[in-house]
K.L.:
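Provided herewith is a single structure, encoded as structure tokens, for subsequent inquiry.
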Amino acid sequence: MIGLFDSGVGGLSVLKAITENGIKDDFIYFGDTKNVPYGTKTKDEILSFTKDIMEFFIKKGADCAIMACNTSSALVYEDLRKKFSDKIKIYPLIQYAAPFFKNEKETIGVMATNATVKSRAYTREITKINPRANIVELECQKFVEIVEKMLYSDPLSLNYIEEKVEYLKNAECKKIILGCTHFPYLVPVFKKFAPDIEFIDPAKLLIKSIQKELFVNQSEESSFEFYVSSDPESFKQSGSMFFDIKEQPKLAEFAKV
């Protein structure tokens, strides 16, 4: 069983990418809707949330957990690895995406949440293997709300998106990492303002890295369970725009207190 978690519907982009790569398994997805967005939370808060989620996955019998959330990968992966590595395999987004930029010579842009940019996690992980890499990280916190509320045609939202894209264009970025799982849903809008820039979904890089491991124990058919920490019906309505959620999401027991 493969567990995936995010603060909301954004991580469904990771689940979709996994299934589109032909990986079949029993999937359990947890959306921490009570605490969305993680991008504005402290490390201590996120660590508390994610410890509970790891315990939940272990109780459910998951063999591995995919951190379908850049913010948690940036801030608490090492803490979770130290505490749970003997019980469950944990795959963080940023750490698995970074090796794909080991030979990059052009300036790399990163669009991410407040917390991810503040952590400088992409710069840290990429420069570990590419010390000469030039990375420009840019806070784009409002993108989360734009995706969650489907504000793709809202004039103020479009102005905000254009300003962020223009900033990275002016920084001469040829590639932009989408450092939040919500952001790939905005690629068609990004392309209107920057048709020549390559927008990179790190979830696809993570899957490329681990798909051989995931293929080892895969099932003949996939099954899906969806859990949330609040408002299951709202999650299904918004999440179904990004993934075919046939099963009714459930309120996780640990989140009811």
Side-chain angles (χ1 to χ4, degrees), residues 1-7 10-25 27-30 38-39 43 46-47 50-51 53-54 57-58 62-104 108-113 115-117 119-131 133 135 137 175-185 187 198-218 243:
M1 178 182 284
I2 299 173
L4 302 93
F5 75 87
D6 190 17
S7 61
L12 292 171
S13 64
V14 184
L15 179 58
K16 184 177 181 180
I18 289 174
T19 57
E20 287 178 345
N21 272 264
I23 297 167
K24 297 178 181 179
D25 210 316
F27 295 96
I28 180 168
Y29 182 96
F30 181 82
Y38 278 4
K43 175 180 176 177
I46 295 169
L47 183 57
T50 54
K51 280 181 178 178
I53 296 168
M54 287 298 112
F57 283 161
I58 292 166
D63 304 297
C64 66
I66 295 174
M67 302 178 75
C69 169
N70 285 265
T71 301
S72 61
S73 296
L75 297 181
V76 301
Y77 165 62
E78 287 299 330
D79 298 274
L80 296 179
R81 183 184 62 80
K82 289 174 184 176
K83 184 173 178 60
F84 296 106
S85 61
D86 61 332
K87 299 176 183 177
I88 189 169
K89 175 71 175 179
I90 303 174
Y91 297 110
L93 271 176
I94 298 173
Q95 290 82 349
Y96 276 84
F100 287 86
F101 301 93
K102 64 181 179 181
N103 297 318
E104 187 60 52
I108 304 166
V110 178
M111 292 174 165
T113 63
T116 299
V117 170
S119 75
R120 307 295 292 173
Y122 271 100
T123 297
R124 181 180 68 245
E125 295 299 326
I126 293 174
T127 54
K128 278 182 184 178
I129 54 177
N130 184 355
I135 302 155
E137 299 197 43
K175 297 179 179 179
I176 296 176
I177 299 170
L178 304 176
C180 173
T181 50
H182 286 73
F183 295 3
Y185 298 120
V187 168
E198 180 182 359
F199 294 92
I200 299 169
D201 181 356
K204 293 182 179 179
L205 304 183
L206 164 69
I207 295 163
K208 191 176 291 187
S209 295
I210 68 175
Q211 61 184 358
K212 288 184 179 178
E213 297 176 45
L214 298 184
F215 271 126
V216 171
N217 297 314
Q218 71 169 346
F243 189 85

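Below, all heavy atoms of this structure are taken into account, side chains as well, without hydrogens, waters or symmetry copies. The structure presented is a predicted model; accordingly, all values stated were derived computationally and were not measured.
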K.L.:
Looking at Thr113, Asp6, Thr50, which one forms a side chain to side chain donor-acceptor pair (under 3.5 Å) with Thr71?
P.N.:
Thr113

K.L.:
Could you measure the distance from the OG atom of Ser209 to the OH atom of Tyr91? Nearest 0.5 Å is fine.
P.N.:
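It comes to 10.5 Å.
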
K.L.:
What I'd like to find out is whether the side chain of Val187 reaches to under 4.5 Å of the side chain of Asp201, using heavy atoms alone.
P.N.:
no

K.L.:
Using a 4.5 Å cut-off on heavy atoms from C-beta on, say whether the side chain of Ile18 contacts that of Leu4.
P.N.:
yes

K.L.:
Report yes if some heavy atom in the side chain of Met1 is under 4.5 Å from a heavy atom in the side chain of Phe57; otherwise report no.
P.N.:
no

K.L.:
Which distance, rounded to the nearest 0.5 Å, do you find between the CD1 of Ile126 and the CZ of Arg120?
P.N.:
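Between atom CD1 of Ile126 and atom CZ of Arg120 there are 10.5 Å.
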
K.L.:
For a 4.5 angstrom cut-off between non-hydrogen side-chain atoms, does Lys89 reach Asp63?
P.N.:
no

K.L.:
Within the side chain of Ser119, is there an N or O that forms a donor-acceptor pair under 3.5 Å with the backbone of Thr116?
P.N.:
yes

K.L.:
Would you mind reporting whether Ile200 and Phe101 have side-chain heavy atoms less than 4.5 Å apart?
P.N.:
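Sidechains of Ile200 and Phe101: in contact.
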
K.L.:
Evaluate the criterion side-chain contact (heavy atoms from CB on, under 4.5 Å) for residue pair Asn70 and Phe183; output intermediate values, then yes/no.
P.N.:
CA-CA 11 Å; Asn70 285 265; Phe183 295 3; over 6 Å; no

K.L.:
Using a 3.5 Å distance criterion without hydrogens, assess whether the side chain of Gln95 forms a donor-acceptor pair with backbone atoms of Ser73.
P.N.:
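Checking the backbone N and O of Ser73 against the side chain of Gln95, a donor-acceptor pair under 3.5 Å is found.
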
K.L.:
With a 4.5 Å limit on heavy-atom distance, are the side chains of Tyr96 and Lys208 in contact?
P.N.:
no

K.L.:
From the options Leu205, Ile129, Asn130, select the one residue that forms a side-chain contact (heavy atoms from CB on, under 4.5 Å) with Pro99.
P.N.:
Ile129

K.L.:
Tell me, do Val110 and Val117 make a side-chain contact under 4.5 Å, heavy atoms counted?
P.N.:
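Not touching, per the 4.5 Å side-chain cut-off.
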
K.L.:
Taking the side chain as everything from C-beta on, heavy atoms only, tell me whether Ile94 gets closer than 4.5 Å to Tyr77.
P.N.:
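Of all side-chain heavy-atom pairs linking Tyr77 with Ile94, none is under 4.5 Å.
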
K.L.:
What's the shortest heavy-atom distance between Ala115 and Tyr38, and which atoms?
P.N.:
CB-O, 4.3 Å

K.L.:
Minimum heavy-atom separation for Ala17 to Ile207, with atom names?
P.N.:
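Heavy-atom minimum between the residues: CB-CD1, 3.3 Å.
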
K.L.:
What's the shortest heavy-atom distance between Phe199 and Met111, and which atoms?
P.N.:
CE2-CE, 4.4 Å

K.L.:
For Asn21, is there any backbone N or O sitting under 3.5 Å from a side-chain donor or acceptor partner on Gln211?
P.N.:
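Checked: no pair found.
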
K.L.:
Where do Leu12 and Tyr29 come nearest, in terms of heavy atoms and distance?
P.N.:
N-OH, 3.4 Å

K.L.:
Would you give the length of the straight line joining atom CD1 of Ile2 to atom SG of Cys64, rounded to the nearest 0.5 angstrom?
P.N.:
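Result: 4.5 Å between the selected atoms.
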
K.L.:
For a quick test of reading the model, state the closest non-hydrogen atom pair linking Ala112 to Gly179 and the distance between them.
P.N.:
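Scanning both residues completely, I find the closest heavy atoms to be CB-O, 3.6 Å.
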
K.L.:
Can you check whether Ser13's main-chain N or O pairs, donor with acceptor, with Tyr185's side chain at less than 3.5 Å?
P.N.:
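Checked: pair present.
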
K.L.:
Could you tell me which residues satisfy salt bridge (charged side-chain N to carboxylate O under 4.0 Å, His left out) with Glu20, sequence neighbours excluded, listed by chain and number?
P.N.:
none

K.L.:
What heavy-atom pair brings Glu137 and Ala121 nearest, and what distance separates the two atoms?
P.N.:
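For Glu137 versus Ala121, the nearest heavy atoms are OE2-N, 4.1 Å.
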
K.L.:
If you measure from CD1 on Ile90 to CZ on Arg81, what distance do you get to the nearest 0.5 Å?
P.N.:
9.0 Å

K.L.:
Atom CG in Leu47, atom CG in Leu80: separation rounded to 0.5 Å?
P.N.:
6.0 Å

K.L.:
Distance from Thr127 atom OG1 to Ile108 atom CD1, nearest 0.5 Å?
P.N.:
10.0 Å

